[in-house]
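Quick caveat: nothing in here was measured; it's all calculated off a predicted structure. Position 1 is the first residue of the sequence; numbering continues from there. Order of listing sets the numbers, starting from 1, for every ligand and every atom in it.
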Amino acid sequence: MANTKRSLEERLNEGTVIVGEGYLFEMERRGYLQAGSFVPEVALEHPDVLKQVYRDYMNCGSDVVLAFTYNAHREKMRIIGKEELLEPLNRNAIRLAKEVAKEHPTEEALVAGNISNTNIFDPEDPASKDQVRAMFAEMIQWSKEEGVDFINGETFYYHEEAVIALEEIQKQDLPAVITLGLMAENKMREGMSVEESCRILSEKGALVVGMNCFRGPDTMQPYLKKIREAVDGFVGGLPIPYRTTEEHPTFFNLPDGGCSCSLPTETTFPTSLDPLYHNRYELAAWAKEAQELGVNYIGLCCGASPAMIRAIAEATGNTTINSKYSPNMEKHFLFGKDESLKTHNQDYRTKA
Ligand SMILES: [Zn+2]
């Protein structure tokens, strides 16, 4: 397989494609990105850090290196007063992704450009739609010039904004993965169901349609089922790794009953979600279930760690570059079964 690189479509036809996302949270957790403004300046300020995270995700099974340009659009850069960084930031995030993708020892990883909800889309305001279109067009153009394999348009909660994204991707002849972010109202902002939105996007020619972010596996899976039933083409699902509930379906309003201090934020989002994590085995169980359901493009979003990505990759039948470091308790001094281990230590299994 060395020196060959299958397209996204070829990989989807042959099996499950694994995708690690969630760079905003991972960079913030590592200390290189400000929660709140959530702008990926790290691509310019600390390219080595971004490259390492790209590498960590790829080595733990991500088939795609998604360029970290989430929120790196003209409107966001204007708000923070750094519009002049817009183009260099976009280009650098992609170049770094390409460098890492080439490091893959058996098959070069795919590189995706990234666009997302602009937060200025207003269904009642035609001028806002033109502005959104122009913001997408320039980011897609830079992605194309830098040689990405496809574009991922994500976390759209307006159906029409997702359609604009798809149209702009298609204008530049790139494959499109469009994933929607479903807020707690459980439907698109216009009132359309998420499966209907996906059906339309798929029929319009998106290679993959589905959902990402905002919701954990438990509150995303029922909608992935509906999407799978409504759509003939490929379906994607990339939840956040948190224990969302029917009462609190997104991570924007997830309470932590055990918190012993007052938080500086109204909710646990975005910097106090840690106690609400799913463990990797729960995520692996979800990924297997999603694969059995017929979801083709499986990943994790904000909050994901490389080890979690490896767990979902392995659960769906993949061996990753770093699978040699996957958990194996055989030789652990307390819990191991190896015969050379001292049995007296095993008392601590229950007493430690
Ligand atoms: Zn996310």
Inset, instruction - Could you tally the protein N/O/S atoms lying less than 2.8 Å away from the Zn ion (ligand 1)? - result: 3
Inset, instruction - Only pairs at least two apart or in different chains count here, so list each salt bridge (Lys or Arg N to Asp or Glu O under 4.0 Å) that has a residue in residues 211-231. - result: none
Inset, instruction - State, with a plain yes or no, whether a side-chain heavy atom of Ile80 is found less than 4.5 Å away from one of Gln34. - result: no
Legend entry - Residue pairs, two or more places apart or on separate chains, that pass salt bridge (Lys or Arg N to Asp or Glu O under 4.0 Å) and touch residues 156-165: Lys129-Glu160
Inset, instruction - Considering non-hydrogen atoms only, spot the tightest contact between Phe156 and Ile115 and give its length. - result: CZ-O, 4.5 Å
Inset, instruction - Please list, chain by chain and in numerical order, all residues satisfying ring pair (Phe, Tyr, Trp, His ring centres under 6.0 Å) with Tyr32, sequence neighbours excluded. - result: His46
Inset, instruction - Give a yes or no on whether Asp338 atom CG has more than 12 heavy-atom contacts from other residues, nucleotides or ligands under 6.0 Å away. - result: yes
